[in-house]
Amino acid sequence: VIADAVRQAATRGMLLQPFFSFYHRASSCTRVMLRLTATGRKSAQVEQVGFVVRCSTTGNHWPVPLEHVQDPRGAPGVPTQASHAGIRTAGMDAEAAGAALSLTGPVWPGRLGDPIALHAMAQDAAEREGMGDAQKLLAKMEEDLSLDSMGYLRLKEIGRFLGLRGVQSLPSKADLIGELRSRGAAAGEAQAEAQAIKTDASMEMVAEAAMHLLAQKPSV
């Protein structure tokens, strides 16, 4: 939705900035507030629109700018295991490597809110009575800003990847998020997917974190 709005705004000489967004689980929809600013000229902001690519072989996902959409494995920021070199090391030919990719988009890869505005709103809510629910929502929205440029990993996909290593169980989502954070990765809840996490960690790191947690679990 934001990507399409950005493209339309750019053609009309307007700059679009997400003000805030949140997922409303009761209605299964995402609410977004956007701020439009007239610039009088075509905005270059549209160049930021891109795609999210997933590799079913490595389990990784990464953002791909429009100019790299024909060669996702050559895009900047591609995880090492999913790059051309990584795939060659794994023994995959070009046809199999291409078939393992799926693209989602176009998507907006930037922030989904204004951190300064959200902080001000949170401070205002804290000073008012009866704003407990609003404070929780604003806190969640602020947390999401540190994760909103990342794709999400479904727990069943993590489980499938672990299964290839002979591991048939998963640690709790909360424990996995905590372990990834302790390893220096950004990680958190995925608003729109209850059975998923958002993280900038590679699937390789996620799998290592999960196996470490499972190894610490006392046997019954």
Residues passing the side-chain contact (heavy atoms from CB on, under 4.5 Å) test with S21, sequence neighbours excluded, are V32, L112
Here the pair of heavy atoms bringing E142 nearest to A122 is OE1-CB, 3.6 Å
Between Y23 and C29, the two heavy atoms sitting closest are CD1-O, 3.6 Å
Joining Ile, Leu, Val, Met, Phe, Trp and Tyr whenever any side-chain heavy atoms lie under 4.5 Å apart, the cluster holding I87 also takes in M92
Could you check H68 against V78 for side chain to side chain contact (heavy atoms under 4.5 Å, CB included), going step by step and ending with a plain yes or no? CA-CA 11 Å; H68 289 277; V78 58; over 6 Å; no
Side-chain heavy atoms nearer than 4.5 Å, only ILVMFWY residues, links allowed to pass through others: does that put L103 and V52 together?
no
Of all heavy-atom pairs linking L145 and G113, the shortest is CD2-N, 3.4 Å
Sorted by chain and number, sequence neighbours left out, side chain to side chain donor-acceptor pair (under 3.5 Å) with T58 holds for N60
Residue pairs meeting side chain to side chain donor-acceptor pair (under 3.5 Å), one or both in residues 157-169, sequence neighbours left out, come to E157-R160, R165-E204
Mark yes or no for whether R73, through its side chain, and A82, through its backbone, hold a donor-acceptor pair below 3.5 Å.
yes
By salt bridge (Lys or Arg N to Asp or Glu O under 4.0 Å), D124 pairs with (sequence neighbours left out) R128
Taken in chain and number order and not counting sequence neighbours, the residues that satisfy side chain to side chain donor-acceptor pair (under 3.5 Å) with S172 are D175
Self-check item: ILVMFWY network linking L180 to V167, side-chain heavy atoms under 4.5 angstrom
Solution: yes
I116 atom CD1, neighbour heavy-atom count above 12 within 6.0 Å = no
Value for CG (L214) from NE2 (H212), rounded to nearest 0.5 Å, stands at 10.5 Å
Is the closest side-chain heavy-atom distance between P63 and F51 below 4.5 Å?
no
Query raised in the report: Cluster question for you: counting only ILVMFWY and a side-chain heavy-atom cut-off of under 4.5 Å, with indirect links fine, are V64 and V49 together?
Result: no
Smallest heavy-atom separation, W62 atom then P72 atom, equals NE1-O, 3.0 Å
Kindly indicate, with the supporting measurements, whether the criterion side chain to side chain contact (heavy atoms under 4.5 Å, CB included) is fulfilled by V206 and L153.
-> CA-CA 10 Å; V206 173; L153 289 175; 3.8 Å; yes
For residues 75-92, the side chain to side chain donor-acceptor pair (under 3.5 Å) pairs (sequence neighbours left out) are D71-H84
With sequence neighbours left out, the residues meeting side-chain contact (heavy atoms from CB on, under 4.5 Å) with A210 are L162, P171, L176
By side-chain contact (heavy atoms from CB on, under 4.5 Å), D93 pairs with (sequence neighbours left out) E95, A96
Rounding to 0.5 Å, atoms OG1 (T104) and NE2 (H61) come to a distance of 10.5 Å
In terms of heavy-atom contacts, L16 and A5 come closest through CD1-CB, 3.5 Å
Indicate, with yes or no, if M131 and F22 share a hydrophobic cluster defined by side-chain heavy-atom contacts under 4.5 Å among Ile, Leu, Val, Met, Phe, Trp and Tyr.
no
Apply side chain to side chain contact (heavy atoms under 4.5 Å, CB included) to the pair E208 and R183, showing each step before the final yes or no. CA-CA 10 Å; E208 289 175 359; R183 293 171 180 243; 4.1 Å; yes
- Would you say I197 and K173 make side-chain contact, with heavy atoms under 4.5 Å? yes
Sorted by chain and number, sequence neighbours left out, side chain to side chain donor-acceptor pair (under 3.5 Å) with Q135 holds for none
Rounding to 0.5 Å, atoms CD (E179) and CE (M205) come to a distance of 10.0 Å
In terms of heavy-atom contacts, W108 and A3 come closest through N-CB, 3.8 Å
dist R12:CZ -> L36:CG (nearest 0.5 Å) comes out at 10.0 Å
For R7, the side chain to side chain donor-acceptor pair (under 3.5 Å) test, sequence neighbours excluded, returns none
Given T37 and Q17, is the side chain to side chain contact (heavy atoms under 4.5 Å, CB included) satisfied, shown in steps? CA-CA 8 Å; T37 306; Q17 297 169 297; 4.2 Å; yes
Contacts of K140 meeting side-chain contact (heavy atoms from CB on, under 4.5 Å) (sequence neighbours excluded), chain-then-number -> E143, D144, E189, Q191
Same cluster or not: are L66 and V53 linked, directly or through other Ile, Leu, Val, Met, Phe, Trp or Tyr residues, by side-chain heavy atoms under 4.5 angstrom apart? yes
